[in-house]
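All figures in this text were calculated on a predicted structure; none of them were measured in a lab.
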Amino acid sequence: MAADHAVVADHAVVAASYFQSYSVVGLLAVIGVLFVAVAFGAGRLLRPVVPTPEKLLTYECGVDPVGDGWAHTQVRYYVYAFLYVIFAVDAIFLFPWATVFAAPGYGATTLVEMFVFLGFLAVGLLYAYKKGVLEWT
């Protein structure tokens, strides 16, 4: 019976330290949100408000707007951006994988998981190549 209480007490200590680490993260998140809110509030209170017609104009890099506001944009640039995002996510996944792969007992499992992940990326890249997305014209 005493051993059961010792195990429960050990689990309570582990759970307390586990949630304490999350409470520190939560507290830092709240402090960060408050810092941003105070900065925006101070900026709103301290800035001068003198609207003029020139200040209310839309401009791009200091050039006065000419014509109407709608412009055609080629879709291929969005496709390149999408491909960049895919490979950026791939890089984000590779760094934690490399740290877990080095840990004892996780090598084979993480290696298989990474090959499955890279297989999905290869299929997506092959699909983009077949569709001609990767050709710059």
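- In terms of the ring-ring contact (aromatic ring centres under 6.0 Å, His included) criterion, Phe40 has no residue partners (sequence neighbours excluded).
- Members clustered with Val30: Leu34, by chain and number, using a 4.5 Å side-chain heavy-atom cutoff among hydrophobic residues.
- Through side-chain heavy atoms spaced under 4.5 Å, either directly or across other Ile, Leu, Val, Met, Phe, Trp or Tyr residues, Leu27 is tied to Ile31.
- Here Thr52 pairs with Glu54, Lys55 under the side-chain contact (heavy atoms from CB on, under 4.5 Å) rule; sequence neighbours left out.
- In the hydrophobic clustering, Val38 connects to no other residue, as no ILVMFWY side-chain heavy atoms lie under 4.5 Å from its own.
- Listed by chain and residue number, Ile86, Asp90, Phe117, Leu118 satisfy the side-chain contact (heavy atoms from CB on, under 4.5 Å) test with Leu121 (two or more places apart in sequence, or in another chain).
- Remark: Arg47 engages Arg44, Val49 in a side-chain contact (heavy atoms from CB on, under 4.5 Å) (not counting sequence neighbours).
- Partners of Lys130 according to the side-chain contact (heavy atoms from CB on, under 4.5 Å) rule, which considers only residues two or more places apart in sequence or in another chain, are Leu126.
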